[in-house]
Amino acid sequence: MARILITSALPYINGIKHLGNLVGSQLPADLFARYMRGRGHEVLFLCATDEHGTPAELAAAKAGQPVAEYCARMHEVQGDIARRFGLSFDHFGRSSSKQNHRLTQHLAGKLAENGLIREVSEEQVYSNADGRFLPDRYIEGTCPNCGYDKARGDQCENCTKQLDPTDLIDPRSAISGSTDLEVRETKHLFLRQSALKDDLDKWIDSKADWPILTTSIAKKWLHDGDGLQDRGITRDLDWGIPVKRGTEDWPGMEGKVFYVWFDAPIEYIACAAEWAEANGLDDAAWERWWRTDKGAEDVRYVQFMGKDNVPFHTLSFPATMIGSGEPWKMVDHLKSFNYLNFEGGQFSTSQGRGVFQDQALDILPADYWRWWLLSHAPESSDSEFTWENFQVAVNKDLADVLGNFVSRVTKFCRSKFGETVPQGGAHGDAETALIAGLTTRIRAYERHMQDMEVRKSASELRAIWVAGNEYLQSAAPWATFKEDPEKAAMQVRLGLNLIRLYAVLSAPFIPDASARMLAAMQTDDSGWPDDVAGALEALQPGHAFEVPDVLFAKITDAQREDWQERFSGRRA
RNA sequence: GGGCCUGUAGCUCAAUUGGUUAGAGCAGAGCGCUCAUAACGCUUUGGUUGCGGGUUCAAGUCCUGCCGGGCCUACCA
């Protein structure tokens, strides 16, 4: 039995996320976690809300709530949605937790001890009306290059020229519109990533099996221009983790907080501490996952994230870990995803474009979304959601191939043999061939799941479902029944056992439907089919079952048209 | 501007890393079956691999030039 630590990128706190956020990190992470648990491994699957930074403060202000209350409320909302999607986190934490405060401050102190922090005085734009320093992006004005009047302080969206806030003509606050801006001097801490460049480079080079998407982004940052740059890890904000050196105050840094991208990945670790506390465990319980000097040397650590998150996970977070000089568990495999597009454009939280997670659950059960999103996961390139494709794929795969299989087997059995597993008959050549074929496919499915090849896993699983229909068609128990009822009994018994087998194999993708299949078969035997022939004997003659309700109702044309219409605009 | 990824059947994607005749699913066509959610199974149509050059015994795969799509470019997270 192996021990597997799994983290999903942390969803940001400022509102409800769309389906693109789900497919790029949490959902594939859940797939992997469920699979590994199903195989009997010890899994710790962690996720949390990422709660700090300017957008959280602004979202809270817009909602008319103090930021701490706003974050607490949104954490509950996101946690509830995650549960309803079946995301099986062992703990869903918060980057604002006391554990993360403590650990972030501790690590900053270690980095300072090791000479990896330097103080930098710089000039930043301060908005008197807003009472805050403005990140470059939150300053708008006219582009000196092209004259576009909504250019941002970091870059002009119109002509793509990179800018400094001070380049803008008639600069104003993007928050309040105020032009009462001034440049103030402020002091910040920088993490000397440049000093860790060679260590990081070596570390990345040791990860030969990582996707190109992942390593190419890291390499670019390491080698482009002057190489890896030092990075500011503090901000002039109220909401965040106060800058401290371990437990000591940090002279000159009063009133400042750590930058959200410094503390957010640390929450991966702090979340394990939250998990331990929530479950009444001691520190050793979480340290055995994260400290290689305290039992984590045999842990396999896998991270899931969208491609936009890669630089932080391959560079700045590892720089923090390495620079601390402490024996933290480093990531072993980093699985990154491209983006999911929506009907020819991008999903957009800020523009309210696409289907949001709460809306998705309002119109269909989680399994529909899980199946479609995972079987179309944007692994090799960006992928596209369209309502037509969604309707056709879900109806075919879930309703016709799997759902109807369950239905035809159970209903046929009920009408000919009653609601118990029928007795009699013995396997012949057809059954031997079926078992051999299934064994090959199940081993392939295991390989793909192990390798986190999400689409290939889905496609293999579907082929396993199809094999059941193929068998039924050629065995034709409805015909056999007339001449040789015992043989038909054996065929139906095998069909019923296939339902249980499918429930076990499919659980990582469609956990709710799997549970209903097991419930209908009136068994809680969800053991993995290492021996396929044996697994197909699990339900013995005489075992009672019941015909389940329709497993997956089909999406009608009327529904699809309604949703197309309803989700064509922006979310209010 | 710079860097990276990408373009394969009407649609969504494969192709064991340069190796026979480029494969699946869906959609389309035909046949079969009647247990089942008008479901299932079998057969089948469909490709100048974006375009043009080049390297090689051999190119979807490598090089090069165009054309298209996307991501990143360090203070949004």
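Labels below follow one simple rule: chain letters A, B, ... track the order of the sequence lines, proteins then strands, and each chain is numbered from 1. Just so you know, these numbers come straight off a predicted model, no measurement behind them.
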Can you measure [X] atom [atom1] to [N] atom [atom2] for me and round it to whole angstrom units?
X        : N     : atom1 : atom2 : value
A:Leu340 : B:G70 : CG    : P     : 15 Å
A:Asn338 : B:C4  : CG    : P     : 17 Å
A:Asp308 : B:C71 : CG    : P     : 11 Å
A:His223 : B:G3  : NE2   : C1'   : 13 Å
A:Gln229 : B:C72 : CD    : P     : 20 Å
A:Leu10  : B:A77 : CG    : C1'   : 11 Å
A:Arg408 : B:A38 : CZ    : P     : 13 Å
A:Ile233 : B:A77 : CD1   : P     : 14 Å

Review point. Where each residue is assigned the nucleotide of RNA chain B containing its nearest heavy atom, which of A:Asn469 and A:Gly403 is assigned the position nearer the 5′ end?
Key: A:Gly403
Exercise for review: Could you pick out which residue, A:Val409 or A:Val260, lies toward the 5' side of RNA chain B when each is mapped onto its nearest nucleotide?
Suggested key: A:Val409
Check your understanding: Looking at the angle O4'-C1'-N9-C4 for a purine or O4'-C1'-N1-C2 for a pyrimidine, is B:U8 syn or anti, with syn meaning within 90° of 0?
Key -> anti
Under 4.0 Å between any heavy atoms, over every strand shown, what does [X] touch: base, sugar-phosphate, or nothing? Just pick one.
X        : value
A:Phe133 : nothing
A:Lys456 : sugar-phosphate
A:Ser375 : nothing
A:Val406 : nothing
A:Lys554 : base
A:Glu388 : nothing
A:Gly468 : nothing

Would you measure the distance from the [atom1] atom in [N] across to the matching atom in [M] and give it in whole Å?
N     : M     : atom1 : value
B:U16 : B:C75 : C1'   : 46 Å
B:G52 : B:A14 : C1'   : 27 Å
B:U43 : B:C26 : P     : 13 Å
B:G70 : B:G47 : P     : 28 Å
B:G50 : B:C13 : P     : 15 Å
B:U45 : B:A58 : P     : 30 Å
B:U8  : B:C62 : P     : 15 Å

**Study point:** Stretch residues 50-63 of chain A: residues that reach within less than 4.0 Å of RNA chain B through a heavy atom
**Key:** A:Asp50, A:Gly53, A:Thr54, A:Pro55
Review point. Which of residues 475-498 of chain A have a heavy atom under 4.0 Å from RNA chain B?
Key: A:Trp478
Point to revise | Partner residues of A:Trp371 under the ring-ring contact (aromatic ring centres under 6.0 Å, His included) criterion, sequence neighbours left out | key: A:Trp465, A:Phe509
Where the side chain of [X] is defined as all heavy atoms beyond and including C-beta, which of [options] is the nearest nucleotide?
X        : options             : value
A:Val550 : B:U37, B:G41, B:A74 : B:U37
A:Tyr259 : B:A77, B:C35, B:C42 : B:A77
A:Arg455 : B:A77, B:A74, B:U12 : B:U12
A:Gln473 : B:C13, B:C33, B:A77 : B:C33

Review point. Looking at A:Glu119, A:Glu123, A:Glu122, which one forms a salt bridge (Lys or Arg N to Asp or Glu O under 4.0 Å) with A:Lys187?
Key: A:Glu119
Distance-only donor-acceptor test, [X] side-chain atoms vs [N] base atoms, 3.5 Å:
X        : N     : value
A:Glu122 : B:C75 : yes
A:Asn404 : B:A36 : yes
A:Glu470 : B:C42 : no

Check your understanding: Would you call the rings of A:Phe304 and A:Phe337 parallel, tilted or perpendicular if under 30° counts as parallel and over 60° as perpendicular?
Key -> parallel
**Study point:** Plane angle bin for A:Phe385 and A:Trp387 - parallel if under 30°, tilted between 30 and 60°, otherwise perpendicular
**Key:** perpendicular
Review point. With distance as the sole test, does A:Asp230 use its side chain to make a donor-acceptor pair with the main-chain N or O of A:Ser194 at under 3.5 Å?
Key: yes
**Study point:** Sidechain-backbone polar pair: A:Thr480 side chain, A:Ala476 backbone, donor-acceptor under 3.5 Å
**Key:** yes
Would you compute the distance between atom [atom1] of [X] and atom [atom2] of [Y] and round it to the nearest 0.5 angstrom?
X        : Y        : atom1 : atom2 : result
A:Asp397 : A:Phe552 : CG    : CZ    : 10.0 Å
A:Asn21  : A:Gln26  : CG    : CD    : 8.0 Å
A:Lys487 : A:Glu431 : NZ    : CD    : 7.0 Å

Check your understanding: Can a side chain N or O of A:Lys411 be found less than 4.0 Å away from OP1 or OP2 on B:U37?
Key -> yes
**Study point:** Trace of the salt bridge (Lys or Arg N to Asp or Glu O under 4.0 Å) decision for A:Asp549 with A:Arg516
**Key:** CA-CA 9 Å; A:Asp549 292 336; A:Arg516 283 160 60 208; over 6 Å; no
**Study point:** Side-chain donor-acceptor pair present, A:Gln193, A:Arg231, cut-off under 3.5 Å
**Key:** no
**Study point:** Range-with-range stems of RNA chain B (Watson-Crick or G-U pairs under 3.5 Å, three or more in a row)
**Key:** B:1-7 with B:67-73, B:10-13 with B:23-26, B:28-32 with B:40-44, B:50-54 with B:62-66
**Study point:** For A:Asp429, side chain to side chain contact (heavy atoms under 4.5 Å, CB included) partners two or more places apart
**Key:** none
Study note, to complete from the structure: Across all chains, not counting sequence neighbours, the side chain to side chain contact (heavy atoms under 4.5 Å, CB included) partners of A:Ala444 are A:Arg447, A:Glu460
Check your understanding: Is the A:His75 to A:Tyr70 ring centre distance short of 6.0 Å?
Key -> no
